[in-house]
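Accompanying notes for the structure given below.
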There are 2 protein chains.
Amino acid sequence: MSAPGSVGQVAPQRMRFDAPLALRSGAAIAGYELVYETYGELNAARSNAVLICHALNASHHVAGTYGDDPKTAGWWDNMVGPGKPVDTRRFFVVCVNNLGSCFGSTGPMSRNPATGEPYGPDFPVVTVEDWVHAQARLADELGIARFAAVMGGSLGGMQALAWATLYPGRVAHCVAIATAPKLSAQNIAFNEVARRAIITDPDFHGGRFYAHGVVPARGLQVARMIGHITYLSDDSMAEKFGRALRPSPEALAAQLAAGGVSETDAPPRSDYRFTFDIEFEIESYLRYQGEKFSKYFDANTYLLITRALDYFDPALAHGGDLAAALAPATADFLVASFTTDWRFAPERSREIVQALLAARKRVTYAEIDAPHGHDAFLLEDPQYLAVVAAYFDRIHTRSVAGAGAASPAPQHQEAAA
Amino acid sequence: MSAPGSVGQVAPQRMRFDAPLALRSGAAIAGYELVYETYGELNAARSNAVLICHALNASHHVAGTYGDDPKTAGWWDNMVGPGKPVDTRRFFVVCVNNLGSCFGSTGPMSRNPATGEPYGPDFPVVTVEDWVHAQARLADELGIARFAAVMGGSLGGMQALAWATLYPGRVAHCVAIATAPKLSAQNIAFNEVARRAIITDPDFHGGRFYAHGVVPARGLQVARMIGHITYLSDDSMAEKFGRALRPSPEALAAQLAAGGVSETDAPPRSDYRFTFDIEFEIESYLRYQGEKFSKYFDANTYLLITRALDYFDPALAHGGDLAAALAPATADFLVASFTTDWRFAPERSREIVQALLAARKRVTYAEIDAPHGHDAFLLEDPQYLAVVAAYFDRIHTRSVAGAGAASPAPQHQEAAA
C-alpha cells in the first residue's frame, strides 16, 4: 500500500435534467442542472459507488485539486483519495452540488426560464429530501442502482440518513457524522439570526440584489461570523485565540518598515488600545472569515440551505417517533460524533443510534474525543480517520468485494450481512 | 415577618459631578451626571448600605414601580424589597446607572460640552473599573464610607469583584452572581458579532445617527437576538419553544374573525409553510425581542458596554494570576453560578472561588441547579433566592446589627468576622 495521496487534478462535470422535479413544498423545478465530481472507477459490478453529501457552505469539490494549485484542494481531501479512509483505489466516489447552491448547480443565481432573470428569491424552498431525490436521479444516469455507502457530515449526514429511509434498496451503508435528527430551538435560533442579518441588509433588495450590482456583504459577514462561533468549541477558541491582542496597525507597520518581519513575528501585546476597532485576535479572525465568505457565497443560497437544515425532521411525520421514521432503512449505519461539538453534540448522535437500535438496525457508533468542536468532522484526527477507514474496509469486504458481478439484490445482501 | 412585598412607588434621583473623572483609557470625562435609585433607609451607623451593580442592558431601576404600573417593576424586584432576600427593612439599597448608559446617566446620547452635540462615538471607552470609581464618588456624596455588600450578576458581578479589590476598605461583603473573571474568546466573539451588526448598519452613520433622525434598528435587532440566544440554555429554549410552529397569519386572522380567540388559543401547527417568514415560534420570539430592544436601547451604549465586558480582566496586570489580583480584598465573598449557564458557566465561577481560596479569602460558593441558563440570575428560583437570603441574614448579623453606632473600622471588623 503506497502512502496516502491525492486523487490529483479533477474537473467538475455537469448534467442537465429536463423532467420537472416535484419538491416537498408542493412547488417544482421545471428543469435543472447538477454539477458533480467523481473520483476512482466504477467497477464492473457497479457495486463500489460511494455518494458523499456536502454540508452548508461546501460543494461537489470533495477531493483533488483544480490544475496543480494545492490551495484548490477539496473540502474532504483528507478523507477521500488513494490510501485514504474512503480509498479511491477501491471506491468510486461521487459528490453532487445540491440544488439551490451557488457553486454550479441550478440555484438562485441561475436564470429563471419563466422570467429570463436570476431566480433570486423566487427559487423554491428546497429540503434535504428534495436534494436526495435529485441525487438519486443523477445516480440513475450514472448507472448506480445502489451505493455501497452514502456518507456525509453535519447537513451532509442528514442527507445520508434521508437516503437510507427514502431509498432503502439503494444504500448498503449509511455514514452519518456530526449530525442530528433535527435542529434544536437553539440551532434554529442561530440560523434565524444569520438570516435576519442578511434579509435586513439594505443591499439584499428582497433577494433581487443581482440586478443592483451589489451583494448584502454586511449581512453575509455577520451570518458567517455567527456560523464560525458555532463550528468551534469554546476550548479550541480559547486555545487558538484566547484573549490575545492583535498588534496595532502602527506597530505592524513600524516593524515591517524596520526589517520586514511578518505579522506573525509581532510580539504579543498586553496593553489595551480602548477601541471598537480590532483589539483581540478573535475579532480579527472572525472579520477575516466573514469578509472572505461574503465575497464568494450567495446570500439567497445561505437562506435556502439554513432553511433546509431547519426543516429536516424525519420523525415529524411519525408523531415524533424517530425509530418509526428510520424503520424503512435496510442499510448498516456508522454514526460518529465529537465530544466538543456543541452545534450537534454527541447527545444528538446518540438519539439517532438509540432510534436505530430500537428499529433493530445494525449500528456502529463512535464518539470521538476531539477538541475542535463541530469543525472536527473536516479535520485531521487520527482516531476519527481510523474509525472511518476501518468501516470502509468492512464495506469493501461485505458490499463490494463480496458483491459478485451481478447488479445488487439488496434484500439478499442485507440478510447475508 | 409579613409577606414579601414591593418597595412600592419609586423615583430616580440624579447627581451632578463637576470634577473630571480620569478613565482607565487615559481619557477623562469633564463633568457628568449619575442617575440612581435608593430603597430602604440608611441607618444611623451608616452600616447597612448595599450597592447593586447592573448588567448589560439594565438600569438603576432595580425594584418597585414608577407610578402604580406593575409593568414598570424593577429588574431585580424579586430580589430587593421588604421581606425579600435583600430586605429593604434592614438594608439601604443603592443602584447607580453606569456612565455610558442610555437610561439617564451621562452617555453617548448626552450633550458633549465640547461640541454642543450628542457625544455619540466621541463618548470615551469606559471600563468596569471606571464605573466603580464613579459609583464610589456617588457613595461619598451619599455619606456611605463602607457598603455592607456590593452585589451584582453577570457584568454586575464583575463590578462587585472590582469594588472588592479597588476599595477593599469600603466593601464588607462581595456578592458575585453568574459572572466570570474575564470573558473567554467565545464570549468576546459573540460581542464582536453583535457590534459588527450595529456598526455595519448603514443607519449607524459612524455613531452619529442622532443627527440623521434614525437608529441602527436592524443592527440592534441582530445584536439582541444573539444576546438572547446566549442568555438562555439550550434546554430551556427546547422546553419553551422546541420546534413548535407559529400559527400562520391567515389562520390567526380567520380565528379572530370567527370568534375572537387570542393568539395563544390557536391550535399548534405541524405543517411547514416553506417560507423565510416566521415559521417557528423561536423565530417569532427572537424577532419580537430584537424589535422591542431596538426601540429603547442606544446603539453606542451597546458598543460601550460590550467593550467594558471584553476589557474586564483583573488578572492581566498580575501576569494572569487571579489570586494575586484578588489579594487586596478584605471582604467576605458569596459566589453563585447556575448549572445551565453557558455564557458564564459554573467553571468560570469556580475559577473565582479557587483564586479567592488561594488568596486566603472567606468564600461561600453556591452552584445552583437551575434550567434557565444565564438568565437564571434574574429569575424566581427558590433555592437561589434562599441562598442569597441566608447570606444577607449573615451580613445583617455580622456587619449591620453588630457594627455598633460608630462609622466603620474596616480592618477591625474583618478581623472579628
Side-chain angles (χ1 to χ4, degrees), chain A residues 23-27 121 124-125 127 182-186 188-190 192-193 195-197 199-202 217-219 221-222 225-226 228-229 232-234 237-244 270 272-276 278-283 285-287 290 303 307 310-311 313 316 342 345, chain B residues 23-27 121 124-125 127 182-186 188-190 192-193 195-197 199-202 217-219 221-222 225-226 228-229 232-234 237-244 270 272-276 278-283 285-287 290 303 307 310-311 313 316 342 345:
Chain A
L23 302 173
R24 195 172 153 206
S25 67
V125 169
T127 64
K182 63 186 176 195
L183 294 201
S184 69
Q186 190 189 70
I188 296 173
F190 279 120
E192 171 66 2
V193 181
R195 284 191 296 262
R196 293 309 295 167
I199 289 172
T200 64
D201 185 328
R218 294 171 295 243
Q221 285 165 21
V222 166
M225 291 167 87
I226 294 168
H228 251 284
I229 298 174
L232 301 179
S233 71
D234 192 12
M237 234 187 219
E239 191 177 322
K240 198 167 173 185
F241 306 104
R243 295 178 53 85
S270 66
Y272 294 149
R273 289 185 292 123
F274 299 100
T275 173
F276 298 116
I278 288 171
E279 178 80 280
F280 296 93
E281 288 285 1
I282 181 67
E283 298 174 319
Y285 172 79
L286 287 176
R287 286 201 206 179
L303 303 185
R307 212 38 155 175
D310 292 353
Y311 280 137
D313 183 6
L316 183 64
W342 63 280
Chain B
L23 303 173
R24 196 174 152 203
S25 66
V125 169
T127 65
K182 62 186 176 196
L183 294 201
S184 69
Q186 190 189 70
I188 296 173
F190 279 121
E192 171 66 2
V193 181
R195 282 191 297 262
R196 293 310 294 168
I199 289 173
T200 64
D201 185 328
R218 294 172 294 242
Q221 284 164 21
V222 166
M225 291 167 86
I226 294 169
H228 250 284
I229 297 175
L232 301 180
S233 71
D234 192 12
M237 234 187 219
E239 190 176 320
K240 197 167 173 186
F241 305 104
R243 295 178 52 87
S270 65
Y272 293 150
R273 290 185 292 123
F274 300 100
T275 174
F276 298 117
I278 288 170
E279 178 81 282
F280 296 92
E281 288 286 359
I282 181 67
E283 298 174 318
Y285 172 79
L286 287 177
R287 286 201 206 179
L303 304 185
R307 212 40 155 173
D310 292 352
Y311 281 136
D313 183 6
L316 183 63
W342 64 279

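To find a chain, count down the sequence lines: A is the first, B the second, and so on, and within it residues start at 1. In this text the structure is predicted, and so the values were computed from the model without any measurement.
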Given that the side chain runs from C-beta out, which part of [X] has a heavy atom under 4.5 Å from chain B: side chain, backbone, both or neither?
{"X": "A/Lys182", "result": "both"}
{"X": "A/Tyr285", "result": "neither"}
{"X": "A/Glu279", "result": "both"}

statement: In this structure, CZ of B/Arg243 is separated from CG of A/Asp310 (nearest 0.5 Å) by 7.0 Å
query: What distance separates A/Leu183 CG from B/Ile282 CD1, expressed to the nearest 0.5 Å?
result: 12.0 Å
Heavy-atom pairs under 4.5 Å with chain B, option from [options] with the top count:
{"options": "A/Ala185, A/Ala27, A/Ser233, A/Ser184", "answer": "A/Ala185"}
{"options": "A/Thr127, A/Ile188, A/Val222", "answer": "A/Ile188"}
{"options": "A/Arg273, A/Arg218, A/Arg307", "answer": "A/Arg307"}

statement: In terms of heavy-atom contacts, A/Val125 and B/Thr275 come closest through CG2-N, 4.3 Å
statement: Heavy-atom nearest pair, A/Phe276 first then B/Leu303, reads CE2-O, 3.2 Å
task: Could you tell me how the ring of A/Phe280 sits relative to the ring of B/Tyr311: parallel (under 30°), tilted (30 to 60°) or perpendicular (over 60°)?
output: tilted
message: Counting heavy-atom pairs closer than 4.5 Å to chain A, which one of B/Pro121, B/Gly26, B/Ala238, B/Pro202 comes out on top?
response: B/Pro202
message: I need the residue from B/Met237, B/Arg196, B/Glu281, B/His228 with the largest number of non-hydrogen atom pairs under 4.5 Å to chain A.
response: B/Arg196
task: Answer yes or no: is there a side-chain heavy-atom contact under 4.5 Å between B/Arg287 and A/Glu192?
output: yes
- prompt: Does a side-chain heavy-atom distance below 4.5 Å link B/Tyr272 with A/Leu316?
  reply: yes
